[in-house]
Amino acid sequence: MASKAFSLMIHGGAGRIREVQDPLVAEQYHAAMLRVLEAGRERLARGERALDTVEYCAALLEDDPLFNAGTGAALTRAGTVELDAAIMDGTTLGVGAVGAVRGIANPIRLARAILEDGAHVLLVAEGAANFARQAGLPPIDESRLITAQRREQLERTLRRGTVTLDHDESAPGTIGAVARDQRGHLAAATSTGGMNGQRPGRVGDSPIAGAGVYADDHTAAISATGLGEHFLRSVFAKDLADRIELLDLGGTEALAASLRRLRDRLDGYGGAIVIDHAGRCAAGTTTPRMIHGWIEHGGASETRIDP
Ligand code: ASP
């Protein structure tokens, strides 16, 4: 395969995703993913960086109320929108991340601003929102991010007294994008509203490098989705990258091994998308479904909902 070929993968969350039994809903997901993949393809094909492309694709997915990130994010049990996001540059191992930030339309852009600033890796809550202002990202009224569907979802969850993975509540999930550009550089981005009905202040795996996001040009770019506590405890993304580096596995084999460990050790619930250093795409999950799509080595766009 030509070394100049680029690869791109995105995901829109994992879980039962029962709503896709309605073919019209399934079609919406496929169409939404295809739009983002084609927009990403255009950029990578004209030589843009993996880092810029994953930020761009993640922001598009954040803006789509179908997904649990940015507009349409899941709500905390207090009815607030608290967003987690991270972006990682596989060339420098630079990371920018935000946790539990409020009043921001595109947390992935804020994460990128933190990466570019370089002083810190992770900013949370008010400090993150204040930095957004300094970085020129305008504050927005939180109500603009809340959809009627999310309010209903939260009401159902509170009635039952549970906390749920967004996709197990018949509504869409966390997003991620990973890419390898024509120069062979890797980058990863993950963004989420977290778990439906979570405690205010809870931060999941998505903004934590090595758990829900990771990129290293020598190994892979990874974005995970699922029950964040499982991915934090298993240090999932770094476990996967280590398998590539230390055991000399490809992305597909490493992902299978890390998912096996997640299942066996933690009864872990979730999945991931992976592009390895050679540009090969892999996806897998322990859940019944995962919304995901890919372009491998500049080939056709593929989208899947079943694993
Ligand atoms: N991993 C996310 C979290 O725990 C949720 C998800 O992937 O849907 O915050």
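The structure displayed is predicted, hence computed values, not measured ones.
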Report task. Taking only Lys NZ, Arg NE, NH1 and NH2, and the carboxylate oxygens of Asp or Glu, determine whether E296 and R180 approach each other closer than 4.0 Å. Result -> no
Requested in this report: Measure the CD-CG distance between E253 and L247 for me, rounded to the nearest 0.5 Å.
Outcome: 11.0 Å
Query raised in the report: Thinking salt bridges, do E48 and R46 make one under a 4.0 Å N-O criterion?
Result: yes
Query raised in the report: Who are the salt bridge (Lys or Arg N to Asp or Glu O under 4.0 Å) partners of R77, not counting sequence neighbours?
Result: none
Requested in this report: Using modelled atom types only, decide if a donor and an acceptor are shared between the side chain of T190 and the backbone of S223 within a distance under 3.5 Å.
Outcome: no
Query raised in the report: Is the side chain of E82 donor-acceptor paired with the backbone N or O of T76 at a distance under 3.5 Å, no angle test?
Result: no
Query raised in the report: Are V235 and V203 co-members of a hydrophobic cluster defined by side-chain heavy atoms under 4.5 Å apart?
Result: no
Query raised in the report: Quick check: does any side chain N or O of Q134 sit under 3.5 Å from a backbone N or O of F131, one acting as donor and the other as acceptor?
Result: no
Requested in this report: Indicate yes or no: at least one non-hydrogen side-chain atom of N196 is less than 4.5 angstrom from one of L154.
Outcome: yes
Report task. Could you tell me which non-hydrogen atom of F236 sits nearest to which non-hydrogen atom of A211, and how far apart they are? Result -> CB-O, 3.7 Å
Query raised in the report: What distance separates C281 SG from D276 CG, expressed to the nearest 0.5 Å?
Result: 8.5 Å
Requested in this report: Please name the residue in the list L186, I275, D181 that meets the side-chain contact (heavy atoms from CB on, under 4.5 Å) test with S7.
Outcome: I275
Report summary line: Rounded to the nearest 0.5 Å, the CG atom of N130 sits from the CG atom of L123 at a distance of 9.5 Å
Query raised in the report: Is there a donor-acceptor contact under 3.5 Å linking the side chains of T192 and S206?
Result: no
Report task. With rounding to the nearest 0.5 Å, note down the distance linking NE2 in H30 to CG in L37. Result -> 12.0 Å
Query raised in the report: Which atom names give the shortest non-hydrogen contact between T147 and P65, and what distance separates them?
Result: CG2-CB, 4.1 Å
Query raised in the report: For the side chain of H11 and the backbone of I273, is there at least one donor-acceptor N/O pair under 3.5 Å apart?
Result: no
Query raised in the report: Are the side chain of H297 and the backbone N or O of G299 linked by a donor-acceptor pair below 3.5 Å?
Result: no
**Report entry** Co-membership, hydrophobic cluster, residues V54 and M9, 4.5 Å side-chain
**Finding:** no
**Report entry** ILVMFWY network linking L61 to I146, side-chain heavy atoms under 4.5 angstrom
**Finding:** no
Query raised in the report: Is any NZ, NE, NH1 or NH2 atom of the basic residue among D306 and R289 found under 4.0 Å from an Asp or Glu carboxylate oxygen of the other?
Result: yes
Query raised in the report: Does any donor atom in the side chain of T303 or H292 lie under 3.5 Å from an acceptor atom in the other side chain?
Result: no
Query raised in the report: How about E38: does its CD atom have over 12 heavy atoms from other parts shown lying under 6.0 Å from it?
Result: yes
Query raised in the report: For Y56, is the NZ or CZ atom of R43 found under 6.0 angstrom from the centre of its six-membered ring and inside 45 degrees of the ring axis?
Result: yes
Query raised in the report: Does T71 use its side chain to pair, donor to acceptor, with the backbone of L145 at less than 3.5 Å?
Result: no
Query raised in the report: Does a donor on one side chain sit under 3.5 Å from an acceptor on the other, for R102 and T80?
Result: no
Query raised in the report: Same hydrophobic cluster for L110 and L115, using side-chain heavy-atom links shorter than 4.5 Å among ILVMFWY?
Result: no
Report summary line: Heavy-atom closest pair (V101 atom, P107 atom, distance to 0.1 Å) is CG1-CB, 4.4 Å
Report task. Say whether I305 and I295 are linked into one hydrophobic cluster, either directly or through other cluster members, by side-chain heavy-atom distances under 4.5 angstrom. Result -> yes
Query - Pair D264 + R260, salt bridge at N-O below 4.0 Å - result: no
Requested in this report: Establish, from distance only, whether the side-chain atoms of T174 and T225 form a donor-acceptor pair under 3.5 Å.
Outcome: no
**Report entry** R112 bridged to D52 by N-O distance under 4.0 Å
**Finding:** yes
Query raised in the report: Which atom names give the shortest non-hydrogen contact between I108 and E55, and what distance separates them?
Result: CG2-O, 3.8 Å
Query raised in the report: V20 and E27: side-chain contact (heavy atoms from CB on, under 4.5 Å), yes or no, with the steps?
Result: CA-CA 8 Å; V20 298; E27 199 34 56; over 6 Å; no
Query - F231/L262 under side-chain contact (heavy atoms from CB on, under 4.5 Å): CA gap, chis, key distance, verdict - result: CA-CA 8 Å; F231 286 80; L262 183 77; 3.8 Å; yes
Report summary line: Shortest non-hydrogen pair, N68 vs A74, comes out as OD1-N, 2.8 Å
Query raised in the report: Using a distance-only test with no angle check, is there a side-chain donor-acceptor pair under 3.5 angstrom linking E62 and S191?
Result: yes
Query raised in the report: Are any of the side-chain heavy atoms of R156 and R151 separated by less than 4.5 Å?
Result: no
Report task. Kindly check if the number of other-residue, nucleotide or ligand heavy atoms within 6.0 Å of CZ (R133) is above 12? Result -> yes
Query raised in the report: Any salt bridge between R263 and D267, counting N to O under 4.0 Å?
Result: no
Query raised in the report: Are the side chain of Q182 and the backbone of L44 linked by a donor-acceptor contact shorter than 3.5 Å?
Result: yes
**Report entry** Distance-only side-chain donor-acceptor flag, T91 / D217, under 3.5 Å
**Finding:** yes
Query raised in the report: Regarding S258 and R243, is there a side-chain donor-to-acceptor distance under 3.5 Å anywhere?
Result: yes
Report task. State whether a side-chain donor-acceptor pair under 3.5 Å links Q153 with R150. Result -> yes
Report task. Enter the distance from T219:OG1 to I244:CD1 here, rounded to the nearest 0.5 Å. Result -> 5.5 Å
Report task. Hey, could you give me the OG1/NE2 distance between T92 and H185, rounded to the nearest 0.5 Å? Result -> 10.0 Å
Query raised in the report: Are R233 and R265 close enough that some pair of their side-chain heavy atoms sits under 4.5 Å apart?
Result: no
Report task. Take M33 and I10, measure what side-chain contact (heavy atoms from CB on, under 4.5 Å) needs, and give me the verdict at the end. Result -> CA-CA 8 Å; M33 283 193 286; I10 56 172; 3.8 Å; yes
Report task. Apply side-chain contact (heavy atoms from CB on, under 4.5 Å) to V95 and L93, showing your working. Result -> CA-CA 6 Å; V95 181; L93 302 185; over 6 Å; no
**Report entry** Considering all heavy atoms, the nearest I114-V98 contact
**Finding:** CD1-CG1, 3.4 Å
